[in-house]
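Reminder, nothing fancy here: chain letters follow the sequence lines and each chain counts from 1.
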Amino acid sequence: KAMCSGKLQTGLLVVGYFVYLLVGAAVFQALERTAEKQEKIAAAQMKEAFLQNFTHLTVPEMEQFMKNLTEAIQNGVYPIGNESQIGDSNWDFSNSFFFAGTVVSTIGYGTLRPKTAGGQIFCVFFALFGIPLNIVFLHRVSKMLSLLCKKLGKFLYEKGMRKKKIKFLTLLFFLATGILVFLCLPSLFFQITEGWSYSEGIYFAFITLSTIGFGDYVVGKKPGRSYFSYYRTLVAIWILFGLAWIALLFNL
Amino acid sequence: VLLVVYVGYVGLGAGVLQALERPAEVQAAQHLLQQHWELLANHTCLQGPALQRLIEGIIQAYKSGITLQGNTTSLGRWDFSGSFFFAISAITTIGYGNLSPSTAAGRIFCIVFALFGIPLNLVILNEIGQLMLLGVQHCAHHLEEVFHWQKKASLLIKTCALVTGLLLFLLLPPLLFSDKEGWSYEEGFYYSFITLSTIGFGDYVIGMNPDHTYPVWYKNVISLWILFGMAWLALVIKFCINFLE
């Protein structure tokens, strides 16, 4: 009965975690989308006005344009391309979901961030409950991974190895496979999908999995590249298991 | 002793990063300046694609931490104080990102630096947290002895500690920020929480406004606040987790 309730608990935890993220994504989207649209339109207008008048512009006006442009960029609005790009939003559902994930995992890239006061306050409370939830969730996932390790250890023990040697070997195996699966292979993958160099991929993988999350490299953000539809979900799963692997490393 | 090691480690990292990143930054700034002046010289001949390229150039420069201001560029991101702050943002895993290494050597160093710095940081935070907890328990003990309260004292002290922590780390700092940074109270609170939880978006970062002058003690006090505030918040979250489990 105890084992059954344990599995039920884990199941509930998994479901609860994803529901939490989904709800957060929806709320962020609702709060931020309209503000973003307005900013995009304003930036496009500014660019339009500049193009029409540049032959008559004085130096101070140029300075002003540069200043406005910089502000727009600081707000995450990149006024390149033409009108059709206003339709793409940074706050559609899949992006909001990804954002919610970067909040609860404390990675916090920052390329996407709430600008409305409501969005910011919601973000604070969302994180306040989401971060502990994330930690508990990762704990469970890392426990599953450690079970695999124990099985390997048991297998080796039955083959007649000494306990110390087993411990050392399992640790080594765990470390090596983890580095391969979570750092080396994804970097190869990113080379293809993002066009980064291999070292840039490794840098990104490390900065993400350590939850530092500078945001200088983020997946799925290159304009003019098409990503297959489940790309971000795949990356999210990689981040999840990668974080759990790191958590397990700390516990070993 | 641990504190000395910690500060020394961060300082070392700051020095190395500064040496690695500064020259590249100067180069990029000069390049942008050149672009700016070319544009001004030729603006009667400016066309759509040229404007596109200029904007892209500004975006690139912005991502490297350089913004155009008048005839100069905002340099000095990778001076020692900036590098120090960056090193802290790396090993605490806050990772603002408003400043990030652009040279390959800087990045490799960053990875190695963080690889050892993050565990070091966790150990220090744990120590500070334990000290805080001990302090709280001591107070509770004293109250019990003086007033003979038993269980009530422990709960009272814990809530007192929570409230003081809340005030000190989340509710009062925004007042300082609105004075020195010009943010609204809500923005200051948002910044405080995002920083202390190590999410660290980087949309708000202290000491980055070129129009403001900051007192000498400002960044050091903020660094202390980050350290103790993170330890406190980690304790709070630990309690939340114990409650959840």
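- Interface residue A:Ile131: only side-chain heavy atoms are found under 4.5 Å from chain B.
- Interface residue A:Tyr109: only backbone heavy atoms are found under 4.5 Å from chain B.
- When heavy atoms are compared at a cutoff of 4.5 Å, B:Phe193 approaches chain A solely by way of its side chain, counted from C-beta outward.
- Put simply, CZ on B:Arg107 and OH on A:Tyr217 are 3.5 Å apart, with the number rounded to the nearest 0.5 Å.
- More than 12 heavy atoms of other residues, nucleotides or ligands shown are found within 6.0 angstrom of OH on B:Tyr185.
- The distance from the CD atom of A:Gln120 to the CD atom of B:Glu187 is 6.0 Å, given to the nearest 0.5 Å.
- Across B:Ala90, B:Gly200, B:Gly202, the residue that shares the most heavy-atom pairs under 4.5 angstrom with chain A is B:Ala90.
- In this structure, the portion of A:Phe99 lying under 4.5 Å from any heavy atom of chain B is its side chain and not its backbone.
- Remark: B:Phe116 CZ is loosely packed, at most 12 non-hydrogen atoms of other residues, nucleotides or ligands lying under 6.0 Å away.
- Two residues are said to be in side-chain contact when any heavy atoms from C-beta on lie closer than 4.5 Å; A:Cys123 and B:Ile194 meet this criterion.
- Contacts of B:Ile108 with chain A are absent, with no heavy-atom separation under 4.5 Å from either backbone or side chain.
- Proximity of B:Phe189 to A:Ile121: side-chain heavy atoms (C-beta onward) are nowhere separated by under 4.5 Å.
- Contact annotation for A:Phe204: neither backbone nor side-chain heavy atoms come within less than 4.5 Å of a heavy atom of chain B.
- For a residue to count as touching a neighbouring chain, one of its non-hydrogen atoms must lie under 4.5 Å from one of that chain's; by this rule B:Tyr191 does not touch chain A.
- Heavy atoms only, all atoms of each residue included: A:Ile212 and B:Ser89 are closest at CG2-O, 4.3 Å.
- Between A:Phe206 and B:Cys110, every side-chain heavy-atom pair lies at or beyond the 4.5 Å cut-off.
- In terms of heavy-atom pairs under 4.5 angstrom with chain B, the leader among A:Ser197, A:Ser199, A:Ala117 is A:Ala117.
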